[in-house]
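Below: the structure, in structure tokens.
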Amino acid sequence: MTETLDFKTTKTSKSRLQETDFDNLPFGRTFTDHMFVADYADGEWKNFEIVPYGPIELSPAISALHYGQAFFEGIKAYKHADGTVTIFRPDKNAIRFNKSAERLCMPTLPEDIFVSSIAAVVDIDRDWIPTQPNHALYIRPFMFATDPYLGVTPSGTYKYMVLIGPVGPYFSKALRVKIETHYTRAAEGGMGYAKAAGNYGSSMLPGRKAAEEGFDQLIWTDAKDHAYIEEMGAANAMFLLDGVLITAEAGNTILDGVTRDTVIALAKEWGIKVEERKVSVAEIIEGAKNGKLTDAFGAGTAATIAPVGSISYNGEEYFLSDPKTREFSNRVFQTLDDIKYGRVADTHGWNYTV
Ligand SMILES: *Cc1c(COP(=O)(O)O)cnc(C)c1O
């Protein structure tokens, strides 16, 4: 049991738990009975509170809506067979939360408040955590600007909130992905390393176009030449090429993913060489052709490990090995699963017990 701060709590008068269909949990549509709210004004965070989940009242002039001062995090909590509830590496998200805040000229939140607020709302709704295989509780902390002012200037007031909801598996099959050579997700000096709301708004048109062409996901490339692989949708792109785990260097245009970091740590422990460096489209396509690309996947909290089935580039589709036969990503997936659900010892201290 970890020490948590005490927050003012208003419990719902009527739980929706019984009427929730736990056999049908599409990502991001089901929310639990409670949420966390806090306000920032006059230079400090205040009004920390757990309240029933539901609509909130805001001015239509809030600057988050007009100028995009808004960002979020994504974390998961798991229920072990013995009923223990753990959150996976929330300390890493706390650090990234504040990096996003700083990039968007928004106030940071003390790490202990971030972690305690999440733990508190998970705790009150712990009966909502699904227990089927590959299911979890998704945690969405976010912050947005609330000044009702149309001047293009940093807001003086903000809201921090945490929503949580049960989720099933994100992707059910190997992905057909396309290397994007026109649109850009992030440029040097931009905000690619922040989980800024605007990054996802700008990804929707390219995402829809790719979907219309029959692709499940995009692989983003660098803004300048479209010659280097950056990320895969809202996950980090990782490859096993000639026995070496390669992925783009985090920071700047690449989000510093917690799953990415975890995969790298495991690979190193297993004696696999890891290179965080520029990953050229050319070497990946070459590896797909000559069979040296033995694994390719997206790594992220929502999708965990999402295997790539084929990569398309300039109208040519390159098929990779059957995901079921891939040694590395299956081992990573299994190991991560065992740690998160408490089936093996958490020797890294990655599980935060609620
Ligand atoms: C959230 C996200 C990731 C994955 O990060 P995790 O911490 O592993 O969930 C990777 N890339 C982008 C662009 C993301 O938004």
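Order of listing sets the numbers, starting from 1, for every ligand and every atom in it. Heavy-atom basis, side chains included; hydrogens, waters and symmetry copies ignored.
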(request) Report the residues that fulfil salt bridge (charged side-chain N to carboxylate O under 4.0 Å, His left out) with E102, sequence neighbours left out, ordered by chain and then residue number. (result) none
(message) Show every ring pair (Phe, Tyr, Trp, His ring centres under 6.0 Å) that has at least one partner inside residues 189-221, sequence neighbours left out.
(response) F72-Y200
(message) Closer than 3.5 angstrom, by distance alone: can the side chain of Q334 be matched with the main-chain N or O of R331 as a donor-acceptor pair?
(response) no
Without placing hydrogens or testing angles, list every side-chain donor-acceptor pair under 3.5 Å for residues 45-54, not counting sequence neighbours.
residue : atom : partner : partner atom : Å
W45     : NE1  : T108    : O            : 2.8
K46     : NZ   : D42     : OD2          : 3.3
N47     : ND2  : D39     : OD2          : 3.0

(request) Would you check if R326 and L320 make a side-chain contact, meaning some heavy-atom pair closer than 4.5 Å? (result) yes
(request) Could you tell me whether the side chain of T184 and the main chain of A186 form a donor-acceptor pair under 3.5 Å? (result) no
Quick check on ligand 1: any N or O pairs to the protein under 3.5 Å? One line per pair.
residue  : atom   : partner : partner atom : Å
ligand 1 : 7 (O)  : R96     : NH1          : 2.8
ligand 1 : 7 (O)  : R96     : NH2          : 3.1
ligand 1 : 7 (O)  : V258    : N            : 2.7
ligand 1 : 8 (O)  : V258    : N            : 3.3
ligand 1 : 8 (O)  : T259    : N            : 2.9
ligand 1 : 8 (O)  : T259    : OG1          : 2.6
ligand 1 : 9 (O)  : T301    : N            : 2.9
ligand 1 : 9 (O)  : T301    : OG1          : 2.6
ligand 1 : 11 (N) : E231    : OE1          : 2.4
ligand 1 : 15 (O) : K195    : NZ           : 2.7
ligand 1 : 15 (O) : Y200    : OH           : 2.4

